[in-house]
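Basis for what follows: all heavy atoms, side chains included, without hydrogens, waters or symmetry-related copies.
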Amino acid sequence: MTEPKLKMEALHVYKSFGDVKVLHDVSVRVHAGGVVGLIGPSGAGKSTFLRCVNNLQPIDSGTIEVDDELIGYRKVGDALEPLGDKEAAAQRARIGMVFQNFNLFRHMTAVANVMYGQIEVLGRSKAEARASAMDALKRVGLVGREDRFPAQLSGGQQQRVAIARVMAMDPTMILLDEPTSALDPELRVEVANVIKGMAANRATMLMATHDIPLVHDIADYIIFMVDGRIVEAGSAEKILTNPEHDRTRSFLTAMES
């Protein structure tokens, strides 16, 4: 069987904030249609790595490529030159990101939130954007709530609007940064079900999460990080049921308690 196309490849990524080293020699591969879970304790560097993949944070060294295109840089001879703002924004538009705290515009309705990036970034007409937005809201189960403002929606509904916003942009891959951690258990289930549906439809996803049941259900491959380093990586079955490292075992045991 032919291996799926490589969608994202990060090689030897380093990132620091001042004197604080956040990512140390991180290398990650995500294949088309695959779901990779990033797990580890708080402060492991998972969210920072996602923000580097989407070029919300520039890396200090190493490379990140999505669909064989360098993220944040272009090659000029043997050197790397940072992209301009317009080119960087175009790259971000192709890599959808779902944040922990929704990041919705509070003064816009659900449908307007989903339409905004399509109009401003993709240049779609309002009619095209609304049709796409309504389709995305239908896919996350929010038809009938499209004209409500974020304050009129539950946390789970707000996160589903945020997911619909990403889906409507037709991204090449989707990054999810702790998508269920801000939700109570009942609301977590509804968002987890939407994410499971995305995985079932072969969306390419890279997800940082403490939600071990969710990552167990959808991930093909899991990377365990501590202090900005990859401690262990492998199939979901291997990492979650038979990890090699004591640190991985202690983390998973703590998450079960």
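In this structure, Thr209 contributes its side chain and Asp211 its backbone to a donor-acceptor pair below 3.5 Å. A distance-only check finds no donor-acceptor pair linking the side chain of Thr109 to the backbone of Asp147 [under 3.5 Å]. For the pair Gln152 (side chain) and Pro150 (backbone), a donor-acceptor distance under 3.5 Å is absent. Ser132 contributes no side-chain N or O that, together with a main-chain N or O of Ala129, makes up a donor-acceptor pair within less than 3.5 Å. No donor-acceptor pair under 3.5 Å is formed between the side chain of Gln159 and the backbone N or O of Gly156. For the pair Asn103 (side chain) and Phe99 (backbone), a donor-acceptor distance under 3.5 Å is absent. Without hydrogens or angle criteria, Asn55 side chain to Ile71 main chain gives no donor-acceptor distance under 3.5 Å.
By the 4.0 Å N-to-carboxylate-O rule, Glu244 lies too far from Arg249 to be salt-bridged with it. We find that Asp184 and Arg188 are not joined by a salt bridge, their nearest charged nitrogen and carboxylate oxygen being 4.0 Å or further apart. Ion pair Arg74/Glu87 flagged as a salt bridge, since at least one NZ, NE, NH1 or NH2 atom sits closer than 4.0 Å to an Asp/Glu carboxylate oxygen. By the 4.0 Å N-to-carboxylate-O rule, Arg92 lies too far from Asp85 to be salt-bridged with it. Ion pairing of Arg94 with Glu69 is present here, as a side-chain N (NZ or NE/NH1/NH2) and a carboxylate O approach within less than 4.0 Å. By the 4.0 Å N-to-carboxylate-O rule, Arg229 lies too far from Asp25 to be salt-bridged with it.
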Applying side chain to side chain donor-acceptor pair (under 3.5 Å) to Thr253 and Glu256, what does each step give before you reach the verdict? CA-CA 5 Å; Thr253 298; Glu256 291 173 358; 5.1 Å; no

Could you walk me through whether Lys15 and Thr48 pass the side chain to side chain donor-acceptor pair (under 3.5 Å) test, one step at a time? CA-CA 8 Å; Lys15 176 64 183 177; Thr48 297; over 6 Å; no

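In this structure, Lys75 forms no cation-pi arrangement with Tyr73, as its terminal cationic atom is not both closer than 6.0 Å to the ring centre and no more than 45° off the ring axis.
Ring geometry for His210 against Phe251 counts as tilted: the plane angle lies between 30° and 60°, on a 0 to 90° scale.
Using a 4.5 Å heavy-atom cutoff, the side chains of Arg247 and Phe224 are in contact. At a threshold of 4.5 Å between non-hydrogen side-chain atoms, the residues Lys196 and Leu214 count as touching. Proximity of Met97 to Val166: side-chain heavy atoms (C-beta onward) are nowhere separated by under 4.5 Å. In this structure the side chain of Ser235 never reaches within 4.5 angstrom of the side chain of Asp220, judged on heavy atoms. In this structure, the side chains of Met8 and Arg29 stay at 4.5 Å or more apart for every pair of heavy atoms.
Contact record, Ile223 with Ala233: CG1-CB, 4.0 Å, taken as the closest heavy-atom pair.
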